[in-house]
Amino acid sequence: MSTQATGARLAWEQFWAIIWKDLRSELRTRQAWMSMGLFALLALVVFNFAFDLRVENLATVGPGALWIAFIFASILGLSRNITVEQDRGPMDRLLVAPVDRAVVYLAKVVGNVIVISVIEAVALPIFAMLYNLPIIQPAIAPILLLGTLGVAAVGTQFAALAANTRARELLTPLLIFPLIVPVVIGAVRATEALLTPIHDDAPWLGLLVAFDVIFLSVSAITFQFVVEE
Amino acid sequence: MSAQMLQPAAQPHTAAATPTPAIALERLVKSFDVRPVLRGLSYTLPAGRTLVIFGPNGAGKTTLLRTLATLARPTAGRALVAGLDVVADAGEARRIVGYVGHQPHAYEELTARENLLFFARMYGLRDGAERASKLLERVGLRARANDRVRAFSRGQAQRLALARGIVHDPAVLLLDEPDTGLDQEALALLERLVAERRQRGLATVLTTHHLERGLRLADDALTLVRGRIAYAGAAAALDVAAIERLYAGEPLVNGGAA
Amino acid sequence: MQSVLQDSAKGKLADISRRAPVIGAALGWLGRYGELALLALTTIGMLLTIWAAFIYAPTEAVEGPVQRIFYVHVPLAWISYLAFFFVLVGSVIYLWRRDERWDAFARVNAEIGTVFTTLVLISGSLWGRAFWGAWWVWDERLTTSLLMWFIYVGYLALRAYTGRTAQGARAGAVVGILGFIVTPINYMSVKWWRTLHPDQVLPLGGTPQLPASMIVALMISLVAFTLLYTLLTIEVYKLERATAEAERLRVDVELSGQE
């Protein structure tokens with residue numbers, strides 16, 4: 001059919017179509033941004049009271065607080081999607097189309113990364129002010145990106161899994177958290193290294209890259225089994 | 001909308017060859033847990049025919065349609081649309097199958113037009129904008145084309161769902177209770193759509209609780225009871241009284257509003 | 001009608017042993033008496049292990065008698081990794097072949113692996129308490145075991161919640177695959193996290209040159225626990241399959257009664 005795109009070209013177009021659609025919807029409700037943004041902010045403030053944050057402590061505890069705020073906010077945001085998609089309808093309409101399930105998965109991951117990144121971009125300067133840490137450097141970008149990608153990769157897969165098995169709310173975090181340990185460790189340590197450079201440190205970014213690549217590729221393949229009925 | 005007919009895939013163009021059936025079920029079994037919902041269905045619908053499926057709630061109508069739409073995978077046996085196996089040839093099958101489910105389900109934050117444009121892109125259609133306009137006109141939603149679906153009434157959402165289902169001009173269209181929640185005008189639209197497809201030789205399968213309407217629209221009828229076929233044959237030959245007995249207490253309407 | 005069903009049930013139950021993949025072949029070869037032989041061997045092996053661990057093996061100089069937990073802790077750990085590897089294998093083959101027997105195989109291994117991991121954590125904790133004075137240490141092996149425990153408890157929770165559905169089996173398979181693949185990465189990250197922060201390093205005592213007698217004791221223990229694992233796997237698998245068949249038969253009877 002001359003009016004139809006096929007193969008890799010089609011996959012590429014579908015990929016961007018899904019991202020565009022998800023972002024468009026998100027832009028119009030701004031629901032996720034509001035709830036996730038506020039949560040992240042709240043977490044950062046509460047940590048200040050939970051840990052004894054004197055000036056000399058800040059560089060050690062700061063990165064941890066930052067990433068916990070981001071990760072929990074992300075999980076909150078992704079879990080919120082579950083209750084929305086509990087009835088499979090919207091997903092069904094998408095799955096009836098001739099779209100590779102891996103494309104759907106990757107598009108959703110990228111969409112989620114973009115949404116979470118916006119929150120991070122806003123929260124970061126606030127964090128820098130509250131904790132008085134020189135975190136606004138170009139080198140923070142790859143760390144943020146790779147860490148967020150890892151969380152989104154895991155979160156998207158298990159959000160879909162929970163939606164399709166109609167699992168209880170508790171199950172999703174239970175499944176997600178043991179799997180994002182490398183992201184937590186890698187992102188926090190990399191951020192620490194940024195603030196207080198350590199000689200002979202482990203390749204934290206490399207760890208994040210390895211995790212992201214491996215998890216994304218395996219998940220992209222298993223996604224079809226998750227959404228199938 | 002293009003008047004070009006989509007031929008079923010893998011169709012030998014020889015005069016002697018029998019056309020590939022629109023749908024074919026071979027001892028189809030589907031269970032979600034231990035209890036099978038579809039219990040060994042075997043049936044063939046010839047190409048270009050319109051089929052109506054009746055059955056009490058829980059009989060397996062929706063499951064059957066979802067299996068044909070490649071959303072549900074058969075537990076045993078096979079299901080084919082236009083000669084394509086829903087498991088082995090799922091990708092190709094999805095190109096030529098249209099499916100409109102129970103609930104309208106559009107993307108609420110997008111406008112009607114954006115919804116159609118999105119699905120046009122998913123099917124790889126180049127003339128998405130044109131199709132969207134024509135379809136919106138056709139289902140009577142032109143006035144609301146740029147309104148968000150969130151504000152639509154159920155009937156309007158249902159009409160949009162219909163438009164979405166045919167955006168790629170499918171060779172086989174599956175409609176699950178398409179008449180629920182539609183007003184008179186929309187019902188007329190639905191009937192025109194089905195009649196037009198019949199004229200063009202495109203297959204349509206629909207389920208409905210409205211006996212009279214279903215028999216009027218269809219060539220063939222199928223009755224499912226508890227996952228088995230109770231009747232399969234011409235719509236005209238269906239014993240209405242027997243169907244009503246089968247339903248026994250279930251909502252079944254004959255004449256009047258659904 | 002009743003007797004036909006009974007024969008059918010009996011036939012089906014007998015079939016399970018014969019038709020089970022891998023284990024079925026082994027069982028077929030061993031026959032009924034093979035299982036008894038396995039049970040006997042396992043019992044002997046465990047008794048031997050008790051002897052080897054408490055009497056035969058010498059007392060370790062530094063750690064003292066508490067070190068003997070090692071002979072239980074280490075084999076349990078190795079076998080739980082093996083069990084989780086089989087969860088991966090069963091999951092992959094199930095998704096590929098859609099044969100629910102492989103799903104049963106995966107599920108059984110997840111159950112046994114989780115039980116063994118629980119014992120690893122408990123024995124490790126006791127050992128740690130005795131040796132370091134701490135109930136828990138964040139060393140990479142114990143931490144990874146804890147994370148694995150969470151993953152497979154999650155797997156079991158998911159399977160329990162979704163019941164006997166194909167959806168649940170598929171979801172479980174995905175968790176089984178992702179969980180196993182992430183575990184080595186978990187291990188590496190925790191290891192790096194620990195080793196590069198000297199203030200957190202604890203004297204592990206490691207495993208310096210082990211005298212021959214200790215190695216022998218460890219080997220005996222390993223063989224015994226492997227036999228135990230095999231026995232448990234076979235029996236729980238048969239139980240699982242029999243339960244599935246029984247449910248199916250019950251539904252058949254129910255449905256035929258309705259017709």
Side-chain angles (χ1 to χ4, degrees), chain A residues 1-34 81 84-104 107-108 111 115 163-166 224-229, chain B residues 2 4 6-7 30 32 63 65-75 87 89-111 114-115 117-128 130-131 148-150 161 164-165 167-170 174 176:
Chain A
M1 313 230 91
S2 59
T3 51
Q4 276 188 320
T6 49
R9 186 66 210 258
L10 178 62
W12 186 246
E13 288 181 13
Q14 290 168 329
F15 178 73
W16 288 110
I18 296 173
I19 294 176
W20 174 91
K21 185 260 299 174
D22 282 340
L23 286 180
R24 207 72 188 256
S25 298
E26 200 47 59
L27 263 169
R28 290 187 182 160
T29 45
R30 288 182 287 273
Q31 246 189 344
W33 279 321
M34 295 295 271
N81 281 333
V84 166
E85 285 186 50
Q86 269 289 2
D87 65 81
R88 299 184 33 136
M91 198 58 159
D92 273 355
R93 306 302 169 257
L94 187 58
L95 294 174
V96 166
V99 59
D100 196 315
R101 280 45 176 143
V103 170
V104 175
K108 286 203 168 287
V115 170
N164 280 272
T165 55
R166 291 180 187 83
Q224 60 188 290
F225 302 111
V226 168
V227 295
E228 174 194 302
E229 226 196 316
Chain B
S2 151
Q4 179 183 17
L6 280 173
Q7 296 288 352
K30 177 62 184 170
F32 294 101
T63 305
L65 248 53
R66 289 173 58 82
T67 306
L68 288 168
T70 74
L71 290 174
R73 190 188 168 110
T75 308
V87 175
D89 308 312
E92 277 181 65
R94 287 173 189 138
R95 280 176 189 274
I96 56 133
V97 167
Y99 172 72
V100 183
H102 255 308
Q103 307 288 339
H105 286 316
Y107 294 111
E108 303 226 315
E109 301 306 327
L110 300 182
T111 68
E114 284 170 344
N115 264 280
L117 276 172
F118 172 71
F119 283 104
R121 284 177 80 184
M122 293 310 289
Y123 284 101
L125 303 168
R126 294 251 169 272
D127 52 347
E130 204 189 298
R131 286 191 191 227
R148 292 194 210 169
V149 175
R150 175 177 278 280
R164 199 243 330 126
V167 69
H168 57 301
D169 203 18
L174 307 167
D176 199 353

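A, B, ... follow the sequence lines: proteins, then strands. Residue 1 opens every chain.
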In Å, rounded to the nearest 0.5 Å, how long is the span from [atom1] of [X] to [atom2] of [Y]?
| X | Y | atom1 | atom2 | result |
| --- | --- | --- | --- | --- |
| B/His105 | A/Met91 | NE2 | CE | 13.0 Å |
| A/Arg24 | B/Glu114 | CZ | CD | 4.5 Å |
| B/Tyr107 | A/Leu94 | OH | CG | 4.5 Å |
| B/Leu71 | A/Asp92 | CG | CG | 5.0 Å |

Practice task
Using a strict cut-off of less than 4.0 Å between a Lys/Arg side-chain nitrogen and an Asp/Glu carboxylate oxygen, indicate whether A/Glu229 and B/Lys30 qualify as a salt bridge.
Solution key: no
Handout entry: Toward chain A, the part of B/Thr111 with a non-hydrogen atom under 4.5 Å
Key = both
Problem - Heavy-atom closest pair, residues A/Pro98 and B/Gly91 - result: CB-O, 3.8 Å
Completion exercise
Smallest heavy-atom separation, A/Arg93 atom then B/Gln103 atom, equals NH2-O, 3.0 Å
Handout entry: Chi angles and distances behind the side chain to side chain contact (heavy atoms under 4.5 Å, CB included) call for A/Val96, B/Tyr123
Key = CA-CA 10 Å; A/Val96 166; B/Tyr123 284 101; 3.9 Å; yes
Exercise for the section: Check whether any side-chain heavy atom of B/Leu110 lies under 4.5 Å from a side-chain heavy atom of A/Arg28, and answer yes or no. Expected result: yes
Handout entry: Check: A/Ile18 and B/Met122 side chains under 4.5 Å, non-hydrogen atoms
Key = yes
